[in-house]
Protein chains: 2
Amino acid sequence: MPQKLTLKKIATDLKVSISTVSKALRDSHEISEETRTKIKDYAKKFNYKPNSIALSLKNQKTKKIGIIIPEIVHHFFATVISGVERVANEKGYQVIITLSGESFDKEVVNMEMLANGSIDGFIMSLSKETMSKQDFHHLREVTNQGMPIVMFDRVSKDIQCDQIIIDDVSASHTATEFLLRKGCKKLGIISTVDYVSVGRLRTQGFREALQQRMFEMEEHQVLKIEDAENCDNLIENFLKENEFDGIVAVNELFAVTASKALQRMGKKIPQDVAIVAFTDGMLSKYASPTLTTISQNGEEMGALAASKLIEKLEAEDHKEESYETVVVKTSLVERESTP
Amino acid sequence: MPQKLTLKKIATDLKVSISTVSKALRDSHEISEETRTKIKDYAKKFNYKPNSIALSLKNQKTKKIGIIIPEIVHHFFATVISGVERVANEKGYQVIITLSGESFDKEVVNMEMLANGSIDGFIMSLSKETMSKQDFHHLREVTNQGMPIVMFDRVSKDIQCDQIIIDDVSASHTATEFLLRKGCKKLGIISTVDYVSVGRLRTQGFREALQQRMFEMEEHQVLKIEDAENCDNLIENFLKENEFDGIVAVNELFAVTASKALQRMGKKIPQDVAIVAFTDGMLSKYASPTLTTISQNGEEMGALAASKLIEKLEAEDHKEESYETVVVKTSLVERESTP
DNA sequence: ACATTTTACGAAAACGTTTTCGACTTTTTT
DNA sequence: AAAAAAGTCGAAAACGTTTTCGTAAAATGT
């Protein structure tokens with residue numbers, strides 16, 4: 001019921017000017033000890049907090065960073081946010097999150113809404129639709145206005161910005177080679193459609209690992225899934241039509257779905273078929289058997305993205321327009337799904 | 001590199017006044033057809049978008065709602081956010097998310113930061129530490145300033161605000177009764193410490209279901225877990241010390257941990273022991289066996305919370321100070337962990 | 001006693017909007 | 001032809017800050 005306390009109100013209550021109040025609260029030497037303590041006491045007593053909107057307008061910076069991700073109900077993205085949030089808060093920034101829902105239009109709308117002064121910079125991962133359209137005009141508009149963007153995971157080389165990625169090719173190579181070393185002969189990969197960069201790159205790593213051992217990857221070894229919603233049948237058929245003894249899956253959902261299908265088919269994991277997944281989330285830890293995975297460390301990616309962005313934001317005179325691509329190390333976490 | 005376009009810049013470029021530009025863009029009849037189209041064309045060409053910070057300051061509303069939750073790497077909270085975000089966006093609001101990390105202090109700090117003009121209202125779920133301290137002064141300060149709060153899931157009756165909850169007692173009663181009807185005789189419940197409301201209430205529902213069949217709940221039937229991190233041993237001991245044939249778990253993590261422990265002990269699920277969990281998330285769907293759960297429908301809770309909050313926000317003259325508690329229906333999703 | 005410096009405060013501009021009001025010009029009415 | 005009305009635009013205030021600059025009073029120096 002009492003309206004928000006402002007400088008003006010303090011000023012009239014204490015019969016001084018607004019500027020005096022402002023200076024007193026910021027410990028200016030221009031104000032006498034006496035009035036300074038009087039004002040500060042009053043402010044403390046009634047819990048004065050400067051209005052952040054007014055500050056944003058005045059300073060032309062909001063101390064907020066915007067995140068745009070495809071989905072939040074997704075362990076990897078949730079961990080990234082967690083990392084962003086942690087370092088952002090440490091450095092006095094707040095985080096605004098919007099979801100594109102894998103839709104290009106929603107990504108554009110959200111971006112435009114945030115770009116109009118609401119935030120100082122972006123951290124984002126592209127929606128599937130954006131990846132497939134390869135339309136990045138909304139990103140360009142933002143960077144042209146001098147607002148920095150840091151992209152992670154699903155990125156595009158066509159945009160001038162810092163990028164935080166994992167080396168998908170190499171990670172997938174590692175996973176595949178791991179299976180080969182364990183003695184697997186007939187490998188398959190369950191991937192996404194090619195326009196999703198992680199799917200394409202992980203398939204490439206798979207192929208390269210095979211080539212290194214003088215195998216040529218054949219089409220029937222690859223399953224490309226567009227829509228994760230009803231992947232069950234696709235995966236089951238893929239496994240039935242091929243006699244694999246090792247599977248690489250580009251996410252844990254595909255991996256656990258494959259694991260269950262194989263078990264239904266009477267296969268033992270890891271004895272008959274070994275599985276390596278990407279994304280070290282809940283499912284990998286709690287599925288039966290637990291899954292060997294490539295851990296992406298979303299928390300670290302988020303933290304790095306936030307650091308990079310804030311660094312850019314606070315380097316006022318951004319004369320040196322340099323953009324960096326940071327490759328975050330992955331690690332193979334061995335669990336029960338491999339021998 | 002080109003600075004952001006403002007009304008002032010358009011005005012000088014077109015040699016009219018700022019007010020004329022503002023009016024023209026808002027299609028005021030005060031401005032002649034001719035200048036109006038001239039200005040609108042210019043604005044469109046250079047992609048003018050009003051600065052939202054300035055608007056917020058002017059209108060004394062930000063069109064943003066703040067969310068404070070304990071963790072984001074948690075399926076239930078992620079679905080709630082998803083629901084909030086959907087409804088908020090439909091109604092032209094944006095969402096700012098902060099995480100308390102289950103810490104009282106961080107909850108207070110985040111709340112104070114957001115309350116200073118950054119947002120119009122709150123949607124939140126209390127941190128464990130706040131629940132245990134029962135210190136709600138930060139919430140009171142906010143409501144006293146006339147800023148509405150909608151709480152969900154982890155709520156407190158002591159705060160005057162709308163609340164979105166599930167009927168934990170009744171849901172737990174349903175889950176327990178379901179096990180009893182399936183023929184279970186020796187039931188146990190894996191819960192949280194009592195100051196977490198959901199743990200307390202679900203334990204109560206468990207007790208009531210037993211009482212209804214003339215059983216008295218005994219202490220050894222209840223396991224109260226404080227820290228989910230290392231619950232494995234606690235759960236394993238609990239299961240070894242008792243010969244249960246039915247388990248109610250207040251979340252899916254406890255449930256799947258119990259399930260694995262039981263299987264290690266050579267028990268068959270659901271033949272030897274049946275399990276019902278709360279929180280219908282990824283684990284329930286993909287664990288082996290899949291888990292029968294009470295579905296909380298976080299998406300709906302989030303959507304409801306957002307609707308309620310926005311309704312309050314847009315009812316300018318909130319003379320009628322009424323607060324509602326909405327109980328969201330739960331449903332029992334039968335899967336493999338029960339006969 | 002006068003000039004100079006220091007102290008302590010207030011006025012005003014700026015950030016980007018919207019809106020009220022006043023004023024000038026043109027058109028319509030009588 | 002004079003009066004009223006309508007049409008078109010700009011000035012200024014307001015939202016809550018911070019900061020620059022100006023200035024009056026007090027203190028200090030000669």
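Numbers restart at 1 for each chain; the letters A, B, ... are given by sequence-line order, proteins then strands. Since the model is a prediction, treat every value here as computed from it, not as a measurement.
Qualifying side-chain hydrogen bond (donor to acceptor under 3.5 Å, both in side chains) partners for Asp41(B), counting only residues two or more places apart in sequence or in other chains: none. Not a single ring pair (Phe, Tyr, Trp, His ring centres under 6.0 Å) links Tyr93(B) to another residue, sequence neighbours left out. Qualifying side-chain hydrogen bond (donor to acceptor under 3.5 Å, both in side chains) partners for Arg36(A), counting only residues two or more places apart in sequence or in other chains: none. Evaluation of the salt bridge (charged side-chain N to carboxylate O under 4.0 Å, His left out) rule for Glu141(A) yields no partner, not counting sequence neighbours. Remark: Phe152(B) pairs with no residue by the ring pair (Phe, Tyr, Trp, His ring centres under 6.0 Å) rule, at least two apart or across chains. Every residue meeting the salt bridge (charged side-chain N to carboxylate O under 4.0 Å, His left out) condition with Lys63(A), not counting sequence neighbours, appears here in chain and number order: Glu314(A). With sequence neighbours left out, the ring pair (Phe, Tyr, Trp, His ring centres under 6.0 Å) criterion links Phe46(A) to Tyr42(A). Under the ring pair (Phe, Tyr, Trp, His ring centres under 6.0 Å) criterion, Phe76(A) pairs with no residue, sequence neighbours left out.
Thr35(B) comes within 4.0 angstrom of sugar-phosphate atoms only, judged by non-hydrogen atoms across all strands, and of no base.
Of the N and O atoms on the side chains of His138(A) and Glu107(A), at least one donor lies less than 3.5 Å from an acceptor on the other residue.
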Between protein and nucleic acid, restricted to nucleotides 20-22 of chain D and to nitrogen or oxygen atoms under 3.5 Å apart, what atom pairs and distances do you find?
residue: dT20(D); atom: O4; partner: Lys23(A); partner atom: NZ; Å: 3.3

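Within residues 36-47 of chain B, no residue has a heavy atom under 4.0 Å from DNA chain C.
Mapping heavy-atom proximity under 4.0 Å, the span of DNA chain C touched by chain B runs 5' to 3' from dC15(C) to dC21(C).
When each of Glu33(B) and Thr20(A) is assigned the nucleotide of DNA chain D with its nearest heavy atom, Glu33(B) is the one assigned upstream, toward the 5' end.
Base pairing in DNA chain D gives the following stems of 3 or more Watson-Crick or G-U pairs, range against range and under 3.5 Å: C:1-30 with D:1-30.
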